[in-house]
Structures are given as structure tokens and as C-alpha cells.
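Shown next, in C-alpha cells, is the structure this report addresses.
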Amino acid sequence: MSDLLRLPILLTMVRDTISDPKAGAEAILALNLPRAALWLAFALTIVLSMIMGELVMLIVGAPEDGPLTGQTAVVMGLLQGAILFVGVHAITHIGRLFGGTGSFDGALALVTWLQFIFLVLQALQLVTALIVPPMAAIVSLLAILLFFWLLSHFITVLHGFSSVGQVFLMTLLSFIGIIFTLSLVLTILGLGFQTGTPT
């Protein structure tokens, strides 16, 4: 268990998960971490992601217009945590509706691990932005594709499904529905789609 706290071990696991997502998901689930540890890891990855995101924005620059433009890091962190929390429940319950057998703790573990993988990718984006700035956008695009690829495999393993393709389609449709619902909620709360002031 203490080995998981060593960065080289975690980075090796990230590499192995990207090369073989099913085996990576099985390894994470096999750890059978207690829920308290999972929630702590979940919160820690969000905080680290917020810090890394701020560093990326300092280097790359924040967009003048776009969704949630001008919101504080705290607000963004809370929104990110809320989206991931909803995602954990969606993965658990939507999967069960389709005959899956995955648990909430398993979904929490895999979503947290996925978030850590993208924390590593954020660090790669930061390095890329410093060395070859135009490549940062390409890294971001590849990260989006990798997200759906990994998530589809994770859900397949979690719920014992047989077809990654069907899971991918289900995940994409569910993701669109969740984003649409959250956008309505954010608009009602006055947090969504603000634009910058023209100069």
C-alpha cells in the first residue's frame, strides 16, 4: 500500500494503464481501497488538478471568452468535483441499468485514477507549452480522445461488459446528457457561458 505513495510507481502504473486500459482498471479495482481513502484521493486529485490548471493558464493564457470565463479557482474546483461526483454515480447506476455489476466504490476508484492520469497529462501539456507552444493544443486534443478511450475500457471492466464499442456509445450519449443537464443548472445559477468585455 505504501508503494502507491511513490511517484515513480504511480507513473509506471499510468504508463501501463494507457498501454493496457483493461489490465490497468483491474489492477486499481484489485487494490480494494477503503472508501475513506478513495474520497481522500478523489479530493487530492481535484486540488492538484486545480493547481496544475492554474499553472497551465499562466503559461498558455486564459481564453477571453468561453464557458465559465472569469470564475475563481475555488469555483472551478467545486464545479470539477461536482461533475466528477455526478460522473461516479452515472457510471455506477447507468451501468447497472444495462445489466452491469459494478459498485460505487469501484467507480469512485476508477474515476479518481482517471483524474490522476489526466493530472499527469496536464503536466505534460505544461512542459509542451514551455518547449513547443503550438503542440500544447495537440496534446489537449489527444487527451480528450484518450479520456473516452480509457473511460470506455474502465466501465467495461467495472461492470463486466463484453463490448467496449457499445460501452463507448453508451458513455458518449450519457456524457452529452450529463453536460447538457449541468449546463442548464449552471445557467440557472448564473455561472455559465460568460463572455469577456470587448475592448
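Atoms considered below: every heavy atom in the structure, side chains included; atoms not considered: hydrogens, waters and symmetry mates.
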(Q) Would you say Leu40 ends up clustered with Leu31 if hydrophobic residues are merged whenever their side chains have heavy atoms under 4.5 Å apart, either directly or through other cluster members? (A) no
**Q.** Exercise: identify the closest heavy-atom pair between Pro21 and His153
**A.** CB-CB, 3.5 Å
Q | Thr156 side, atom OG1; Phe168 side, atom CZ - distance, nearest 0.5 Å | A | 11.5 Å
Q.
Starting from Val139, can I reach Val132 by hopping between I/L/V/M/F/W/Y residues whose side chains sit under 4.5 Å apart?
A. no
Q. Is any side-chain heavy atom of Leu108 closer than 4.5 Å to a side-chain heavy atom of Trp39?
A. yes
Considering only distance and modelled atom types, tabulate donor-acceptor pairs under 3.5 Å from the side chains of residues 80-92, sequence neighbours left out.
{"from": "Gln80", "atom 1": "NE2", "to": "Ser49", "atom 2": "OG", "distance (Å)": "3.3"}
{"from": "Thr92", "atom 1": "OG1", "to": "Val88", "atom 2": "O", "distance (Å)": "2.8"}

(Q) Nearest 0.5 angstrom please: Arg6 CZ to Leu11 CG, how far? (A) 11.5 Å
Q.
Can you tell me how far apart CG (Leu38) and CD1 (Ile28) are? Round to the nearest 0.5 Å.
A. 10.0 Å
Q) Which pair of non-hydrogen atoms, one from Ser152 and one from Val167, has the smallest distance, and what is that distance? A) O-CG1, 3.3 Å
Q. Distance from Leu33 atom CG to Trp113 atom CH2, nearest 0.5 Å?
A. 11.0 Å
Q: Quick one: pull up CG in Leu29 and CG in Asn32 and give me the separation to the nearest 0.5 Å.
A: 9.0 Å
Q: May I have all residue pairs that pass ring-ring contact (aromatic ring centres under 6.0 Å, His included) and include part of residues 118-143, sequence neighbours excluded?
A: Phe118-Phe147
Q.
Side chains of Gln166 and Phe98, heavy atoms from C-beta outward: is any pair under 4.5 Å?
A. no
Q. When you look at Lys22 and Val164, which way does the side-chain contact (heavy atoms from CB on, under 4.5 Å) test go after all the steps?
A. CA-CA 10 Å; Lys22 286 188 176 181; Val164 176; 3.8 Å; yes
Q. Do any pairs count as a salt bridge (Lys or Arg N to Asp or Glu O under 4.0 Å) and have a residue in residues 88-105, sequence neighbours left out, and if so which ones?
A. Arg35-Asp105
Q. Any chain of hydrophobic side-chain contacts (each under 4.5 Å) joining Val14 to Leu142?
A. no
Q. Which atoms form the tightest heavy-atom contact between Gly106 and Ser103, and what is the distance?
A. N-OG, 3.0 Å
Q. When rounded to the nearest 0.5 angstrom, what is the spacing between CG in Asp20 and CD in Glu26?
A. 8.0 Å
**Q.** Any side-chain heavy-atom pair of Ile155 and Met170 under 4.5 Å
**A.** yes
Q. Does the side-chain contact (heavy atoms from CB on, under 4.5 Å) test come out yes or no for Phe154 and Thr17, once each step is laid out?
A. CA-CA 10 Å; Phe154 283 10; Thr17 299; 3.6 Å; yes
Q) Does a side-chain heavy-atom distance below 4.5 Å link Gln122 with Leu119? A) yes
Q.
Restricting to non-hydrogen atoms, name the atom on Gln125 and the atom on Ser140 that form the minimum distance, rounded to 0.1 Å.
A. NE2-OG, 2.7 Å
Q) Is Met13 linked to Leu151 within one hydrophobic cluster, defined over Ile, Leu, Val, Met, Phe, Trp and Tyr using a side-chain heavy-atom separation of less than 4.5 Å? A) yes
Q: Check the hydrophobic clustering (I, L, V, M, F, W, Y; side-chain heavy atoms under 4.5 Å; chains of links allowed) and say if Val120 and Ile138 are grouped together.
A: no
